[in-house]
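This structure is a prediction, so every number in the text was calculated from the model and none was measured. Ligands are counted one by one from 1 in listed order, and the atoms in each one are counted from 1 as well.
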Amino acid sequence: MESQEALDRFQQYVEAENKVEAKDWMPANYRKQLVRQIAQHAHSEIVGMLPEGNWITRAPSLRRKTILLSKVQDEAGHGLYLYSACETLGVDRDTLINELHIGKAKYSSIFNYPTTSWADMGAIGWLVDGAAIVNQVSLQRTSYGPYSRAMVRICKEESFHQRQGYEIMISLAKNGNEAQKKMAQDAFNRWWWPSLMMFGPSDAHSPNSAQNMAWKIKRHSNDELRQKFVDMTVPQAEYLGLTIPDKDLKWNEATGHYDFGEIDWTEFNEVVRGNGPCNKQRIATRKKAYDDGAWVREAAMAYAEKQKAKKDAA
Ligand code: BYC
């Protein structure tokens, strides 16, 4: 039973900008919220390897191929930092992965859309990693120490990811031929709205926000971060000569921000519920990769046991 006194003390501790560490006392719901969010974040990184993995063998040059390969590997690494951060809270990785495979755990809606052209590699790096950075820069200051430190490391790599995507878009949309410009605009049209959805439901419909902002797990609201992303990205799109697929988008002199149109929340809810264009395919691919990799995990365990036995005998 958690006493009000312990809860108040915890609240003061996080309000004073102290970091909570794995062995510190924490409210059960704080732990639960962290496991939920960090696990979803880890799953997003791992499932997020798939849309881009789709283009590694079809990259247009050796340079593009090596860059894309490294980026996808970085995403595996991000998943591992995050699963490790989650494990510090007392859950094991097999449990987390099983929850993804049985459809119990969520992951970011964005990875349930198909990648149908090379320009999608540019749009993902620029927009999806761009949106991820806006969110993750804010999470560097999250109150849970292991999550915060994982974010610092991830943000460094993520800013490179964003720049490589923007560089692809410059080649296609600014310096490309007519067909390449068209391909870039088409990719932009398909990824713009799903990127805005990455920030989650509007603040008025975000059940986890109030408590998690109070505990400083989240540092900015979904709508604040979404607005920041729009303000940052519109001038970049203008530089590329791309048209933003939103007739309501306009600069608002009074607020100093861009106003933008209403997000299709029906589409968002459907994708989160598992009914997006690629949800089933993504989970089936992840599950197959996990099953096919069983022998690697078994071999690593057998090797570790052998090493331990050797050490114990010495
Ligand atoms: N997709 O109360 P709310 C990357 C769920 S990957 C699916 O606002 P919260 C990359 C939400 O979980 C980066 N579900 O939630 C990798 C909640 O469900 P439950 C991914 C979503 O947690 C490869 C419900 O809706 N980044 O960088 O306060 C290649 C109500 O929402 C989504 C992260 O994961 C969504 N978009 O706020 C390239 C960041 N949005 O659990 C790039 C960490 C909401 O109550 N996560 N839901 O059933 C967060 O910052 C927060 O969890 C969110 C949502 C802002 C996403």
**OP:** Inspect the surroundings of CZ in R153 and state if more than 12 heavy atoms from other residues, nucleotides or ligands are less than 6.0 Å away.
**Re:**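 12 or below, so no.
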If you look only at distance, which donor and acceptor atoms sit under 3.5 Å apart when one is on a side chain in residues 299-314 and the other is two or more places apart or in another chain?
residue, atom, partner, partner atom, Å
K308, NZ, D312, OD2, 3.1

Subject >> salt bridge (Lys or Arg N to Asp or Glu O under 4.0 Å) partners of residues 196-209, not counting sequence neighbours, each pair once >> reply: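 Pairs touching residues 196-209 that pass the test: none.
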Subject >> ILVMFWY cluster membership beyond V296 - transitive side-chain contacts under 4.5 angstrom >> reply: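 Once heavy-atom contacts under 4.5 Å are chained together, V296 belongs with W295.
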Original post:
ligand 1: which residues have a non-hydrogen atom closer than 4.0 Å?
Top reply: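 The 4.0 Å shell around ligand 1 contains R36, Q37, Q40, H41, S44, E45, G48, E52, K71, E75, K106, Y107, S108, S109, F111, V128, D129, A132, N135, Q136, L139, Y147, E158, M197, M198, F199, G200, P201, S206, P207, N208, K218, N222, F268, V272.
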Subject >> Passing candidate, ring pair (Phe, Tyr, Trp, His ring centres under 6.0 Å) with W126, options F229, W191, F188 >> reply: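 So, applying the ring pair (Phe, Tyr, Trp, His ring centres under 6.0 Å) to W126 and each of F229, W191, F188, only F188 qualifies.
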**OP:** For the residue pair Y147 and T88, confirm or rule out a side-chain donor-acceptor distance under 3.5 Å.
**Re:**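 No, because no side-chain N or O of Y147 sits under 3.5 Å from a partner of the opposite role on T88.
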